Structures are given as structure tokens and as C-alpha cells.
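One structure below.
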Number of protein chains: 2
Amino acid sequence: MIRLLLAEDHHLVRGAFAALLGTEPGIEVVAETGRGDEAVRLAVELRPDVAMLDIDMPGLDGLAAAERIAETVPSCRVVIVTGYGRPGYLRRAMAAGVRGFVGKDNPAATLAQVIRQIHGGGRYIDPELAADALSMRECPLTPRELDTLRAAASGAPVSRIARELRLSEGTVRNYLSSAVTKLAVENRHTAVRRARDMGWL
Amino acid sequence: MIRLLLAEDHHLVRGAFAALLGTEPGIEVVAETGRGDEAVRLAVELRPDVAMLDIDMPGLDGLAAAERIAETVPSCRVVIVTGYGRPGYLRRAMAAGVRGFVGKDNPAATLAQVIRQIHGGGRYIDPELAADALSMRECPLTPRELDTLRAAASGAPVSRIARELRLSEGTVRNYLSSAVTKLAVENRHTAVRRARDMGWL
DNA sequence: GCCGAGCCGTGACATTTGTCAGGGTCCGGC
DNA sequence: GCCGGACCCTGACAAATGTCACGGCTCGGC
């Protein structure tokens, strides 16, 4: 019997996943939660065989939760299930030692299969998303550029970003301009969106 | 037996919903799809008792699909299920004659209850979302302001927006400025986000 | 040691964006 | 009829943003 931990922020979807997996022989959902930090706590406490994590969660996002679980409960295999096919996410997930990565566009039957495969020691990467990630170059932005982009993401004016980061306004403008050039977009706002779409932000 | 049409763009989630509702006595899923236009076609063809629509779908969004179904298959009651609690969406849904509106943050048991209630001639509005919508004023933006905001949403510079809308740059800046003031935000980019969050865009 | 590459930081300058005052049109109330 | 209000549109001016040339720092290769 595979003991499964289920983490997904939308209550309704979580319940539906539980119903779906409940019909599968050999799989038992031992706990479910809508928060990333809760997921880590439950993994430590219950030592499930497999943890299935959504990325978009309050408290701690699914990728960060995966990292923590890999550190503290190495026996627990992690599969990420996400609606956003962002190349950077897949990269981060792989770095975190995740064993499975599945997009929400797959047929329902895939899910149980993947869980069994992961539990058996295998790996599963959504072929669609893998192709995207491989065809994609690494993030070309420097740490400082990412900092400024993150700070700019809320729509704050340069003056505020500069204060937050303790930089001169000129420097902030410079980083943003550089990011804009590297991402080949027109202005920082589209740069923010592009970076977010890539999963870099 | 309640004959149900299920429309939700994420295949995996759709399958999970089908599994969840499949365990409910008295409910039969007669068709499922991931596209809004398909949902309308299937409703016309199969005349289900209830259609459960997600908002975020390719082809035709759930709200537009609800409008079409209300026109062409009045016997079919519609319930909207959505992850985004945008006040404007609820308003549009009500205007379209939707009988139920449920956020994805509800417990799984709610769903079947709501479907039964709708089918019995009742209505159900997510109390959480209803409160948001009622506490919210109507969209204060004029048609032209909405046009410019929509055009600005992609991050295009004023010059391009002006060309698209056949306006002088000054006029475009003026509309955007007006929208920014009305929404009480700092610049057009946050204005775009705010308007989108409200479901006005 | 020293050279080059890459990152961090800055100010001055050009361009874009935001703000303001104001003119034109349409429509409903009196 | 005409008044007030709401909307559409514009150009001129001020403020924010984007661009550029430049200097300092660290680190790895030679």
C-alpha cells in the first residue's frame, strides 16, 4: 500500500484528487492540506511514501516544500503537480530532487500511474514540459537584476525600489534596463511578466 | 438522475471532478470537455439538466459559454466553478442567468449539494464571494478607459496603443491617467492588474 | 603579477509617461 | 431652450523611466 500525502491549495480540487486516488487500489491518502508549510510538517510526522505537491500554495510554495522534504524526509518521494508549465519551475524541481513532475493537462489516469512509478523508484517528467525546459536557455539574469525585477513586480516606482534595495535610482534603472535588453522586451513591466512566465522570478 | 455536463480546462482536474461526482448517487456525468465552445455545442446536443463550467477555458470563457447556454438551452441550469474570486465575474455570471457560483476553496462536499440544489430550482452563491461582490462598487471606468487599459495590458508603450485605437498619444495618456486616479493606484501597470483582479478588464 | 571577463554601482542625458487646463459633443431634467 | 454633467479628445508642461559611458571590485587563467 502506497501511503500518500496530498497538498493542493484549492480545497475543492484537493477533495476531487482524493476521490480520484481513493478509487485506485494500492494507494491510500494518509493526509491532505492546502498549505506548503503544513505539508512539510505532515511529511515529517507521518513519513508518507509519496508526497504530491501543487506549486501554488500559501505558506510555502510547492517547490520550497519539496526542497525541505527532500532534506528532512529523504525516504519520501515527491511528485509535483502544477497547472503552470514554467520551464524554470521544472529546473528548480529537478534540483530539489523531485522524482516526478506532471502538468494538470494530462488525463486523470496518468496521475496514479506516475505515483506508482515514483514509488517503485522510477522517475516521471511530463514530456511536454520537459521539451519546453530543454529548449530553453538558462536564466541569463544576474542576482541583482532578479532582485530589482522582483521589487519591480508589484508596480512600484523606481524611487521605492531604490529605497528597498538601498541603491541609487540610477543603479536600479540600470539593472532594469539590462534585464529588459537581455529578455528582448520593451520595458520593465513586460520584462517582469516574461521572467515570471519563465519561472525565474 | 441529474444529467451533468462538465467543462474545465485542466484535464487532470476535470477527471478528478468526474471521479468525485461519479461517487454521488443521483448524478450522472453525461459529457465532459476542456473548451468553452465545445461546452455550448454539447449542451445544445445533449440537453443536460445542469452544466458545470470553469471560467478559465480556451475557445470561449465560462461566462460567455454560460450566456450562450442560457439563450439556446434555457432548460439547462448553469453553475460556475472558479478559482478566481473576482467580483466582476460574479456580477457577469448573475447577469447571464447563472444559478450557482462556487469558489474552488470550498470543501468537496459542497459541489454535489450545490448541483442538487440548482437542479431542484434553487440558487447558490458562494457566501465569501458574494460578500466581496456586494462590498464592491460597480466598475467606475468608462468604455474608452477600459479600451486603453486593455490595450495597455500587454505592456505596449503609449505610442502603440495610440496607433491601435486611432487616438493621439495625449488622449491615451489622459485615459490611462484617469483610470489610475479612479483606481487609486500609482501607475497604469498596477491599474491594469487592479482592473483585472476585479474582473473588469 | 597581471589581464580579461563578469558583476556591481553611479551620474548625466534623451525619451517616455503622467498631469493639467481646457474645448467639443451628446443627453436628460427643468 | 438651456443648463449641468458625463464622456471624448487634445496639446503643453513636469516627472518618471530608459540609455549610455564610465569606474571599482573580485575571481580564474596564464
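This structure is a prediction, so every number in the text was calculated from the model and none was measured. Chain identifiers are assigned alphabetically (A, B, ...) following the order of the sequence lines, protein sequences preceding nucleic acid strands; residue numbering begins at 1 within each chain.
Straight-line distance from the CD atom of B:Glu145 to the P atom of D:dA6: 13 Å, rounded to whole Å. Taking atom CG of residue A:Leu146 and atom C1' of nucleotide C:dC8, one finds them 14 Å apart after rounding to whole Å. Distance NE2 (B:His189) to P (C:dT16): 14 Å, rounded to an integer number of Å. Between the CZ atom of A:Arg188 and the P atom of C:dT17 there is a distance of 11 Å, rounded to whole Å.
Side-chain N/O atoms of B:Thr142 include one lying less than 4.0 angstrom from OP1 or OP2 on D:dC8. Close to D:dA16, at under 4.0 Å from its OP1 or OP2, lies no side-chain N or O of A:Ser159. At least one side-chain nitrogen or oxygen of A:Ser177 sits closer than 4.0 Å to the OP1 or OP2 atom of D:dT19.
To the nearest 0.5 Å, atoms OG1 (B:Thr181) and CD (B:Glu145) are separated by 9.0 Å. We find the CD1-CD1 distance between B:Ile115 and B:Ile118 to be 9.0 Å, quoted to the nearest 0.5 Å. Rounding to the nearest 0.5 Å gives a distance of 10.0 Å between CG of B:Leu111 and CZ of B:Arg116.
Between B:Arg144 and B:Asn187, the residue anchored nearer the 5' end of DNA chain D, judged by the nucleotide with its closest heavy atom, is B:Arg144.
Residues from residues 163-176 of chain B lying near DNA chain C, meaning a heavy-atom separation below 4.0 Å, are B:Arg173, B:Asn174 in numerical order.
A salt bridge does not link A:Arg194 with A:Asp197: every distance from a Lys NZ or Arg NE/NH1/NH2 to an Asp or Glu carboxylate oxygen is 4.0 Å or more. Ion pairing between B:Glu71 and B:Arg68 fails under the 4.0 Å rule for side-chain N and carboxylate O.
Just one residue in the list B:Lys104, B:His10, B:Arg14 forms a side chain to side chain contact (heavy atoms under 4.5 Å, CB included) with B:Asp54, and that residue is B:Lys104.
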